[in-house]
Every structure is written in C-alpha cells, then in structure tokens.
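In what follows, every chain begins at residue 1, and chains take the letters A, B, ... in the order their sequences are listed.
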Amino acid sequence: MNVLLGLGGSDESVKTLRRTLDRTREVGDELTIVVVEKPESKRSQEEMYRQAVDALEEAGITDVEVEKLDGDPGSALVNYAEQGDYDQLVIGGGTLSPMGKIQLGPITEFVLLNAPTTVKLVR
Amino acid sequence: MAGTRQYPDEPSGPFPSPPTTVEDRDGRSIEVRTAESFTGETLDDVVGMYTAFDPTDRAQGIPPTGEERIRTWLETIGDDSVNVVARHDGDAIAHAMLVPDTDDPAAVEHASDIEWELAIFVLQAYQRAGIGTVLLKNLLGHAIDVGIERVWLTVERWNNPAIALYERVGFESTGTESFEQEMAIRLESDDNGVTDGG
C-alpha cells in the first residue's frame, strides 16, 4: 500500500509517527512523510522533520521521502495527497481531554471532509 | 492547551448549592448532593448508573461501556474531580463533574488558578424532565463554593439541546469550529464566605 503520513508537531504526531513506522516495517508499505507548518505546536516544523528523519534511520527504513509543507496544514495535506498516487492518508486521531473526551481539531475535520483517499486516524 | 482558552468577561452566578431536593416534570422526587469523596458506595452507585446508560447517548467516547472500563474511567478522574450526583429512590440517575485541567496534583489546591472541564450525564428515563438544568446549576453553585472560577466543556456541534442548556446558564461558545463546540463560563468569585461551611 502507498501511504502518506501527515505530521504536525504535537505528542499525538509523535505517536502517529511511531505507530506508522511499526506498521511500515511489518507489512512493507511504501511511505511518504510530510510535516505541516503549525506554529502553535509543541515542536517546530524543523524539529518534527528532524525527528521523523531520525526515527526512520533508527527503524532502519529506507527509501522514504520526508518533506516540509508550507501553508494551511489541512489544505496543504489534502493537496499533496491529491497530487500523488496514495491509497491512504494517515494523521493523528485526536487528543483526549482531562475528562477523557476524544477531541478532533479543525485540521482533522478538514482532512476527513476533503481528502480523496482513505483517511486513517491513529489512536 | 491550558491557559489558552477564552472566557467571558462577565462572571455568571449566583447558582444554588447542593444539597437540594426537587420535583421533576414527571413528579419524581430528585435529590441532588455532592459526592465528597468519589469512592466506596457513591462510586459503586455511579458505576451502576453508567452501566445502565444507553450507549447511543455517548459523546466523544465517554462514558466508556462495560462495568470494568466505566469503573477505571471514574477512578482515573475521581481523585481530584468535583462531583454532584442526582438520585431517585436512592439510585444514582444523573451525574455532573468537573475535572481539573492539570497534571500537577498540587495545583488543584488553588482551584481558581486552573481550568476545569465539565461533563454531565442524565440516565435516559430521566431526560427531558428538567433534571439536567437543576444538576448543572447545583454543580456550578458547588464550584463557586470551592473557589472554581473558570469552567469549559466541549459538546458535539450538532447537539443543539445541550448547547442551549449551557447557554442558558451563562456558557459562551469559544474556540475554533470543528466537530466539537468548545464553550466556557466564568463564575463569580466566592466572596460570601460560603466555603467555611456556613
């Protein structure tokens, strides 16, 4: 399967990265990683980019393109997915509130409503 | 997350404090009390209520289903949360809670410094009888008594009855648009000395 992984800079993105690399290694998916620009995130775009590159190296996964995407995160992700031949777009599956409520942000909503591919939310 | 939410400038209140007993629209006598410690029998009663809860009314993954998962959920949030329980004939039939938005247990001592997340659940057979409004107001009254000033919640954007209920007591919509609507209320500070138990 040809998988596109979209990352922001949150802990949720770090978890999504780890899970996706595990899965890639297990089943031998083709993977492309894009890091969106989300200034309010815990990690900068550059930090998240470095973390993705390092994690790939650590996992021994090669032939994965890692790219930074500028502009509005939701539309940049969906545009990128549309340009390529992807079977699945993978993003973080929401955060938990102190109460334990699942919260999906506006980027997730935009991606779910606009992406031409199957979308996977990682929990 | 914490500290980034917008709150109304105008405080809301006063609100009634528990304990109280009211007659609902169906003539049932409903008793509203705070759960001072959310353990033992009180916890068992509320676990029982959620076990009977119709899963079609779940919101954003809560309450969980199955007694064990319900108990784990309530125990996890139970330590520092503020809880108000409504009962009919001794059985828990509605529960409202405030959970502190902090990872630091010591911060809970300074209730006004932190933000509190609200949720309320009413057992299906007791919905549309005015119990939710009474319970919500009493939770906010109790919150004022213990010094809480900032309360927020999220509600599914299409849940108009719930949004209307929250607006009636003073919540205002905040935050960006997504599947959930975030709402917040600023409570008047407790300067009447009610905290001394008087």
A.B. asks: Look at atom CG of A:Asp63 and say whether more than 12 heavy atoms of other residues, nucleotides or ligands are closer to it than 6.0 Å.
C.D. replies: no
A.B. asks: Quick check on A:Lys101: does its NZ atom have over 12 non-hydrogen neighbours (other residues, nucleotides or ligands) under 6.0 Å away?
C.D. replies: yes
A.B. asks: Measure the CG-CZ distance between A:Leu113 and B:Phe179 for me, rounded to the nearest 0.5 Å.
C.D. replies: 5.0 Å
A.B. asks: Step through the shown structure and confirm whether more than 12 heavy atoms of other residues, nucleotides or ligands are within 6.0 Å of CZ on B:Arg128.
C.D. replies: no
A.B. asks: Is a donor on one side and an acceptor on the other found under 3.5 Å between the side chain of B:Glu180 and the backbone of A:Leu104?
C.D. replies: yes
A.B. asks: Counting heavy-atom pairs under 4.5 Å with chain B, which one of A:Ile102, A:Leu112, A:Thr108 comes out on top?
C.D. replies: A:Ile102
A.B. asks: Is B:Leu118 in contact with chain A via its backbone, its side chain, both, or neither, using a 4.5 Å heavy-atom distance?
C.D. replies: backbone
A.B. asks: When you look at CD of B:Gln124, are more than 12 heavy atoms from neighbouring residues, nucleotides or ligands closer to it than 6.0 Å?
C.D. replies: yes
A.B. asks: Examine whether an atom of A:Ile107 lies under 4.5 Å from a heavy atom of chain B, and if so say whether it belongs to the side chain, the backbone or both; otherwise answer neither.
C.D. replies: neither
A.B. asks: At a heavy-atom separation under 4.5 Å, does B:Pro64 approach chain A through its side chain, its backbone, both, or neither?
C.D. replies: neither
A.B. asks: Is it true that, when you exclude B:Asp54 itself, more than 12 heavy atoms of the residues, nucleotides or ligands shown sit nearer than 6.0 Å to its CG?
C.D. replies: yes
A.B. asks: Testing the 3.5 Å rule here: is there a donor-acceptor pair between the side chains of B:Ser178 and A:Glu109?
C.D. replies: no
A.B. asks: Tell me, do B:Gln60 and A:Met99 make a side-chain contact under 4.5 Å, heavy atoms counted?
C.D. replies: no
A.B. asks: Should we count CD of A:Glu40 as having more than 12 external heavy atoms under 6.0 Å?
C.D. replies: yes
